[in-house]
Colleague: 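Before I ask anything, here is the structure I am working with.
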Amino acid sequence: MELHDLIEEFMEVLMERIGNDPGTKKTYRSKIGVFYDFILLKLQERDINYLYFLNTADKEVLLQSIEYYIRAGNVKSRATVDIYYSVIGNFYNFLFDKYGKTNDYFQTDEKKAEFKEAYERKIQELNLLESDQQEPIQAEVAKNILRECDIIIDNIDNEKLLEKKKGVYSNYISALIVKLVLFYGLKNDAIRKLKIKDYNDQLNDLVINHYRVHLPDGLAMQMKKYKKMRKEYLQKYGLESERLFFDDFNVNKELDNTKMFILLKKITGNMQAGAVAKYAIIQLLGEGVPAYIISNFTDYKGEVLDYCQERIDEDRGLFSLNEKSRILDSALRKSELFDDM
């Protein structure tokens with residue numbers, strides 16, 4: 001059996017075991033594909049068959065495969081490397097079920113622990129970013145959040161809000177803020193910096209960190225209504241505020257996270273706005289917006305942008321070595337100098 005056929009059999013067995021989810025399948029295939037390329041490169045250096053190589057690979061060689069994966073995908077966070085580590089473990093479990101004895105680093109408890117320790121040291125050595133545990137929300141969750149926000153915004157009771165009925169104002173502005181995070185991917189401070197002058201209800205746009213962006217039609221209508229209600233509220237209580245969103249009990253106080261994202265907690269069970277923002281950032285990256293523009297616009301820095309880019313790569317799947325060669329070769333052939341060379 002050729003190595004490629006063995007990989008395909010592994011994928012079939014794995015999908016039967018964990019469920020044939022397209023996203024999971026793509027993730028696992030990209031990981032095992034990188035390991036496949038690594039094996040082929042190593043076999044070019046040594047005159048041995050692939051099964052012998054797999055069974056006799058020591059922890060240093062296995063760690064080399066980790067580094068190869070990191071270089072192949074320009075990986076910067078450990079979350080995706082952990083998945084690669086897991087996939088290799090599953091592959092060796094498959095080899096054990098198929099052939100019996102396999103590599104000790106995946107078979108005996110003592111060797112497993114030894115390799116795990118070596119893996120953790122390698123992660124530290126490579127300075128990979130630790131996950132902040134705020135995984136991006138899924139598309140279905142985004143739709144649920146949007147639906148719940150619209151219910152709150154479109155059914156706001158003006159009288160109760162102006163009378164400061166408990167929770168009415170907080171839920172209302174929280175719904176508006178969550179929609180801004182969901183669509184634009186803004187960090188908390190980017191929202192706090194927004195002034196009323198940054199919003200133009202005639203042109204339906206908003207200036208965020210010096211970037212002028214249009215509001216979607218539904219949000220544009222909701223913001224027009226908010227601006228009117230905001231004015232009535234300030235006039236009723238003889239208040240003034242430059243802020244686009246303010247605390248109803250102290251307009252000079254910056255909005256805290258609880259007030260900004262209380263509605264998010266009711267919908268998702270937590271106030272992790274970063275998970276919502278990452279969803280939006282992934283959409284922007286997927287549309288080809290340069291990372292530095294997204295960073296300046298949202299106030300999120302390199303670590304979050306790198307993480308979101310890796311998630312896009314996960315969904316797309318890393319290119320194999322052959323695919324990379326074809327992409328590079330195709331680009332070179334389009335060079336103006338190609339025919340003259």
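Only heavy atoms go into these numbers, but all of them, side chains included; no hydrogens, no water, no symmetry mates.
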Colleague: Going through the distances and angles, do Leu95 and Phe10 end up as a side chain to side chain contact (heavy atoms under 4.5 Å, CB included)?
Modeller: CA-CA 8 Å; Leu95 292 178; Phe10 162 67; over 6 Å; no
Colleague: Taking all non-hydrogen atoms of both residues, which atom of Ile191 and which atom of Phe245 are closest, and how far apart?
Modeller: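 The answer is CG2-CD1, 4.3 Å.
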Colleague: Just so I know, are the side chains of Tyr50 and Leu6 near enough to count as touching, which here means a heavy-atom distance under 4.5 Å?
Modeller: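 In short, these two side chains touch, coming nearer than 4.5 Å.
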Colleague: Side chains of Ile173 and Tyr226, heavy atoms from C-beta outward: is any pair under 4.5 Å?
Modeller: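 Ile173 reaches Tyr226 side chain to side chain.
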Colleague: Please determine whether ring pair (Phe, Tyr, Trp, His ring centres under 6.0 Å) holds for the pair Tyr85 and Tyr119, giving the CA-CA distance in whole Å, both sets of side-chain angles, and the decisive distance to 0.1 Å.
Modeller: CA-CA 9 Å; Tyr85 176 86; Tyr119 171 75; 4.2 Å; yes
Colleague: With the threshold set at 4.0 Å, does a side-chain nitrogen-carboxylate oxygen contact exist between Glu120 and Arg78?
Modeller: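 Answer for the salt bridge query: yes.
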Colleague: Using only heavy-atom distances, determine whether the side chains of Gln107 and Lys112 contain a donor-acceptor pair under 3.5 Å.
Modeller: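 Note: Gln107 and Lys112 side chains miss the donor-acceptor criterion.
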Colleague: Examine the side chains of Lys76 and Asn74 and answer whether a donor and an acceptor come within less than 3.5 Å of each other.
Modeller: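 The criterion, which ignores hydrogens and geometry beyond distance, is satisfied for Asn74 and Lys76.
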Colleague: Walk me through it: do Phe106 and Phe115 pass the test ring pair (Phe, Tyr, Trp, His ring centres under 6.0 Å)?
Modeller: CA-CA 8 Å; Phe106 295 94; Phe115 181 49; 5.6 Å; yes
Colleague: Consider only side-chain N and O atoms of Gln222 and Asp150, and report whether a donor and an acceptor are under 3.5 Å apart.
Modeller: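 Checked: Gln222/Asp150 side chains pair up, N/O donor to acceptor below 3.5 Å.
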Colleague: Dump the intermediate steps for side chain to side chain contact (heavy atoms under 4.5 Å, CB included) on Ile32 and Phe91, then the final yes or no.
Modeller: CA-CA 8 Å; Ile32 198 64; Phe91 181 58; 3.8 Å; yes
Colleague: Strictly by modelled atom types, are Lys278 and Tyr307 linked by a side-chain donor-acceptor pair under 3.5 Å?
Modeller: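 Distance-only check fails for Lys278 and Tyr307.
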Colleague: Determine whether Phe96 and Tyr92 satisfy the following criterion, ring pair (Phe, Tyr, Trp, His ring centres under 6.0 Å), listing intermediate values before the conclusion.
Modeller: CA-CA 6 Å; Phe96 177 75; Tyr92 270 100; over 10 Å; no
Colleague: Using a strict cut-off of less than 4.0 Å between a Lys/Arg side-chain nitrogen and an Asp/Glu carboxylate oxygen, indicate whether Lys111 and Glu114 qualify as a salt bridge.
Modeller: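 Salt bridge: yes.
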Colleague: Closest approach of Tyr300 and Leu305, non-hydrogen atoms and distance?
Modeller: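 For Tyr300 and Leu305, the tightest heavy-atom pair comes out as O-CD2, 3.5 Å.
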Colleague: Asp299 pairs by salt bridge (charged side-chain N to carboxylate O under 4.0 Å, His left out) with which of Lys193, Lys187, Arg192?
Modeller: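 Looking at Lys193, Lys187, Arg192, the match for Asp299 under the salt bridge (charged side-chain N to carboxylate O under 4.0 Å, His left out) is Lys193.
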Colleague: Given side chains that start at C-beta, do those of Ser86 and Lys31 come closer than 4.5 Å, heavy atoms only?
Modeller: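 Contact flag for Ser86/Lys31 side chains = no.
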Colleague: One pair to check against side chain to side chain contact (heavy atoms under 4.5 Å, CB included): Lys265 and Asn270. What are the steps and the verdict?
Modeller: CA-CA 4 Å; Lys265 184 174 183 180; Asn270 60 64; 5.7 Å; no
